[in-house]
Novice: 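The structure follows.
Whatever order the structure lists ligands and atoms in, that order sets their numbers, starting from 1. We number each residue from 1, following the sequence as shown.
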Amino acid sequence: MRIVIVRDYEELSREAARKVKTRLAARPDLKLGLCAGSTPEGLYKELVRLHRDEGLSFKRVQTFNLVEYLGMGPGDPNSLGFFISENLLRHLDIPETNRHVLDGRAENPEKHCRWYEDLIIKAGGIDLQLLGIGRVGHIGFNEPGSSLASRTRIKKLDEQTIQDNSRFFPPGRTAPERGITLGVGTILESEEILLLASSANKAEIVSKAIEGPVTNQVTASILQLHPKVTVILDEAAASCLERKEYYKYAEEQRRRKGE
Ligand code: GLP
């Protein structure tokens, strides 16, 4: 795991965008896995800026959304598909046919999940998967107790997750209790993973995910077994890491060597 600790959220967003840009330069037909949540908003803003002001092209990119609420289609303004579209996709030059979304209103959600898995395989797999981390340590909607070999499926959301998601809903409307998510096993098949975490309320769970045991109680901890993961944290999110100084030192060495 490459742990990159930066000063604040702005730097985190720029650093993550740099990473995407580098991958895109090496592979213009990048298969990019997109996550939702507040954390990637700055990254998405920066990618939109790079496209608009610096001509960064995404026209051969294919995207795959990580999650959706069960019962919501991508056109629903509260859906995660809508969020990703509003914050990123509609500002880029990715052809409509290359934007793959989970549809929580699919007639047969189980079949839809299998179809999505096939779609990823047919595309040749995800090259770079973007991830945030929930306060329960989830990646996607893989809540504590998820099988570490799970595939794309419907998942009952944890109470904490429902509560955290409620902030995106208008007063009086509660966040959905179930979601569709790429499985832990599906995520692990991505060639490379970029996990972002910002702010002090993620510090404790980040330390469990990075320095704790691999456990289905913190599904992000499985990333310890993946060969190519970069974690970008701001100082606040990194504040509970025991080996923080070592990570900083190691990163400085890598940078010196131009890695
Ligand atoms: C949500 C999403 C995740 C996201 C996480 C953290 O429930 N399913 O994809 O990473 O929670 O969200 P935030 O970045 O807003 O803290």
Novice: Quick one: ring-ring contact (aromatic ring centres under 6.0 Å, His included) partners of Y116, sequence neighbours excluded?
Specialist: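 Here no residue qualifies.
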Novice: Just wondering, more than 12 heavy atoms not from R151 lying within 6.0 Å of its CZ?
Specialist: yes
Novice: Which donor-acceptor pairs under 3.5 Å do side chains of residues 123-136 form with protein atoms, sequence neighbours excluded?
Specialist:
{"from": "D127", "atom 1": "OD1", "to": "R27", "atom 2": "NH1", "distance (Å)": "3.4"}
{"from": "D127", "atom 1": "OD2", "to": "K31", "atom 2": "N", "distance (Å)": "2.8"}
{"from": "R135", "atom 1": "NE", "to": "D164", "atom 2": "OD2", "distance (Å)": "3.2"}
{"from": "R135", "atom 1": "NH2", "to": "D164", "atom 2": "OD1", "distance (Å)": "2.8"}

Novice: Is the gap between the ring centers of F169 and Y69 under 6.0 Å?
Specialist: yes
Novice: Out of curiosity, L223 CG to I210 CD1, how far, rounded to the nearest 0.5 Å?
Specialist: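 Reported value, rounded in 0.5 Å steps: 9.0 Å.
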Novice: Measure from every N or O atom of ligand 1 to the protein's N or O atoms and keep only the pairs below 3.5 Å, writing each with atom names and distance to 0.1 Å.
Specialist:
{"from": "ligand 1", "atom 1": "7 (O)", "to": "H138", "atom 2": "NE2", "distance (Å)": "3.4"}
{"from": "ligand 1", "atom 1": "8 (N)", "to": "G140", "atom 2": "O", "distance (Å)": "3.2"}
{"from": "ligand 1", "atom 1": "11 (O)", "to": "H138", "atom 2": "NE2", "distance (Å)": "3.2"}
{"from": "ligand 1", "atom 1": "14 (O)", "to": "S38", "atom 2": "N", "distance (Å)": "3.4"}
{"from": "ligand 1", "atom 1": "14 (O)", "to": "T39", "atom 2": "N", "distance (Å)": "3.0"}
{"from": "ligand 1", "atom 1": "14 (O)", "to": "T39", "atom 2": "OG1", "distance (Å)": "2.4"}
{"from": "ligand 1", "atom 1": "15 (O)", "to": "S38", "atom 2": "N", "distance (Å)": "2.8"}
{"from": "ligand 1", "atom 1": "15 (O)", "to": "S38", "atom 2": "OG", "distance (Å)": "3.3"}
{"from": "ligand 1", "atom 1": "15 (O)", "to": "R167", "atom 2": "NH2", "distance (Å)": "2.8"}
{"from": "ligand 1", "atom 1": "16 (O)", "to": "K202", "atom 2": "NZ", "distance (Å)": "2.6"}

Novice: Test of understanding: with salt bridge (Lys or Arg N to Asp or Glu O under 4.0 Å), list the residues that count as partners of R60, not counting sequence neighbours.
Specialist: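 With sequence neighbours excluded, R60 shows a salt bridge (Lys or Arg N to Asp or Glu O under 4.0 Å) to no residue whatsoever.
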